[in-house]
Amino acid sequence: WVRRAPTTNNRKYIIIAMSGKRHGEGADGIDEDDGADPEDVEDSDDEDDEQDERIMEIMTYSGRHTPAEIADKMKALGGDDAIIYNEMFPSKPRHAMAHFLILGVGNFDEDAALAPQIAEKKEVFQKCLPESDDQAAMLLMLELYVIKEFRAAMEEYGDILKVLWENDIVAEDAIVAWHENENALQHFWPAFFDLDDAINIRDNAKDFVGWVQAGED
């Protein structure tokens with residue numbers, strides 16, 4: 001079992017091995033004898049997110065390999081029995097791998113605009129999302145990520161979708177289908193769903209989606 005401990009940069013993760021402990025045990029989830037400094041763990045009312053160890057593995061790997069090699073590594077890691085924001089998903093491999101791609105390979109800076117950061121890593125995203133089902137999973141997990149960790153990006157969601165579309169990362173059909181289904185996260189996992197967030201993020205994307213559907217150049 002692993003836990004994420006935020007450093008001063010919100011998007012950099014330290015994966016802490018939980019020696020014999022499972023999520024929810026102990027007041028702070030740290031063994032008193034493991035030598036960890038309690039100050040290293042964020043003191044917050046929010047529950048720390050337990051993260052899948054494959055996120056750190058692909059994060060480390062991606063810094064030294066080509067987009068094609070990263071895509072192959074992602075396939076080798078797989079997405080079965082994945083932990084996504086404290087929840088176990090035994091049979092959602094495409095969604096899990098999209099989640100790993102966002103957190104591990106993307107490793108985005110939340111103090112900067114998200115759309116240009118995705119554009120900088122377009123080759124990796126293209127290689128890792130070759131099929132329509134992969135792309136649909138990415139749109140859903142990107143929505144979840146923005147709601148959970150990068151709320152400022154909700155305001156630029158049209159720009160984000162434009163980058164995904166212009167760089168052949170996600171097809172128009174997938175974007176339109178996502179935009180038309182504001183209950184998508186509820187269908188995936190109800191605990192992740194907030195209707196106001198779902199409406200807001202789609203409202204911020206509606207101008208771009210309408211432009212694409214109108215066939216503008």
Side-chain angles (χ1 to χ4, degrees), residues 51-63 65-85 87-108 114-150 153 157-189 192-193 198 201-202 205 208-213 215:
Q51 294 287 19
D52 197 294
E53 62 188 359
R54 285 168 285 190
I55 293 171
M56 180 58 75
E57 187 169 351
I58 195 65
M59 182 187 295
T60 303
Y61 186 89
S62 66
H65 294 83
T66 67
E69 290 170 338
I70 294 168
D72 288 342
K73 178 67 171 179
M74 188 75 75
K75 290 178 184 178
L77 290 174
D80 290 329
D81 298 322
I83 299 171
I84 302 174
Y85 296 118
E87 302 287 352
M88 175 66 78
F89 291 86
S91 57
K92 294 284 188 180
R94 293 182 192 270
H95 295 84
M97 287 190 286
H99 180 65
F100 301 161
L101 180 60
I102 292 166
L103 295 190
V105 178
N107 194 24
F108 300 117
L114 180 55
Q117 295 184 75
I118 295 174
E120 289 174 2
K121 300 188 177 184
K122 61 185 179 182
E123 291 87 357
V124 181
F125 278 74
Q126 290 165 353
K127 291 291 186 181
C128 290
L129 303 169
E131 299 180 8
S132 59
D133 286 346
D134 300 320
Q135 296 168 19
M138 168 54 67
L139 288 172
L140 189 60
M141 301 315 292
L142 190 61
E143 176 185 1
L144 177 60
Y145 164 69
V146 166
I147 289 170
K148 282 274 193 181
E149 300 198 45
F150 204 153
Y157 221 74
D159 293 337
I160 292 167
L161 294 181
K162 185 177 181 181
V163 164
L164 294 174
W165 175 74
E166 283 186 332
N167 291 287
D168 297 321
I169 297 169
V170 176
E172 176 184 337
D173 290 348
I175 290 173
V176 172
W178 169 84
H179 189 259
E180 292 177 347
N181 184 11
E182 66 186 22
N183 295 311
L185 269 179
Q186 185 177 39
H187 296 153
F188 176 72
W189 194 251
F192 292 157
F193 179 70
I201 203 167
R202 285 165 177 78
F208 169 71
V209 174
W211 177 81
V212 168
Q213 289 182 294

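Not measured: the values here are computed from a predicted model.
Interatomic distance, CD of E149 versus CD1 of I102, reported as 9.5 Å (0.5 Å rounding). Rounding to the nearest 0.5 Å places OG1 of T60 at 10.0 Å from NZ of K73. Separation of atoms CZ (R54) and CZ (F100) is listed at 4.0 Å; rounding is to 0.5 Å. From L129, atom CG reaches atom CG of D168 across 12.0 Å, with rounding to the nearest 0.5 Å. Atom-to-atom distance recorded for L142:CG and F150:CZ is 10.0 Å, nearest 0.5 angstrom. In this structure, CG on L140 lies 5.0 Å from NE2 on H95, to the nearest 0.5 angstrom.
Looking at R202 and E180, no side-chain N of the basic residue comes within less than 4.0 Å of a carboxylate O on the acidic one, giving no salt bridge. Checked for salt-bridge contact, K127 and E69 miss the test: no charged N lies under 4.0 Å from a carboxylate O.
Under the 4.5 Å side-chain criterion, counting only non-hydrogen atoms from C-beta, V209 is in contact with L161. Side-chain contact between L185 and E143 is present, with heavy atoms from C-beta onward closer than 4.5 Å. With contacts defined as side-chain heavy-atom distances shorter than 4.5 Å, the pair I175/W165 qualifies. Residues I58 and L101 form no side-chain contact, since every pair of their non-hydrogen atoms from C-beta on lies 4.5 Å or further apart. Counting only heavy atoms from C-beta outward, the side chains of F193 and H187 never approach each other to under 4.5 Å.
The side chain to side chain contact (heavy atoms under 4.5 Å, CB included) test with I118 is passed by exactly one of D159, V163, V124, N167: V163.
Aromatic rings from Y85 and H99 are positioned such that their centres are separated by under 6.0 Å.
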Evaluate K92 against W189 for side-chain contact (heavy atoms from CB on, under 4.5 Å), listing each step before the verdict.
CA-CA 11 Å; K92 294 284 188 180; W189 194 251; over 6 Å; no
Could you walk me through whether Y157 and W178 pass ring-ring contact (aromatic ring centres under 6.0 Å, His included), step by step?
CA-CA 13 Å; Y157 221 74; W178 169 84; 5.5 Å; yes
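Here the shortest heavy-atom pairing between Q51 and L103 reads NE2-CD1, 3.5 Å. The shortest non-hydrogen separation linking A198 to E182 is CB-O, 3.2 Å. The two residues C128 and A71 come nearest to each other via the heavy atoms SG-CA, 3.7 Å. Closest of all the heavy-atom pairs between M74 and M97 is O-SD, 3.5 Å. Between D52 and A82, the shortest heavy-atom contact is OD2-CA, 3.3 Å. The heavy-atom pair separating A96 from I84 by the smallest distance is CA-CD1, 4.0 Å.
Judged by distance alone, with hydrogens and angles left aside, the side-chain atoms of H65 form a donor-acceptor pair with the main-chain N or O of Y61 at under 3.5 Å.
Around atom NZ of K162, no more than 12 heavy atoms belonging to other residues, nucleotides or ligands sit under 6.0 Å away.
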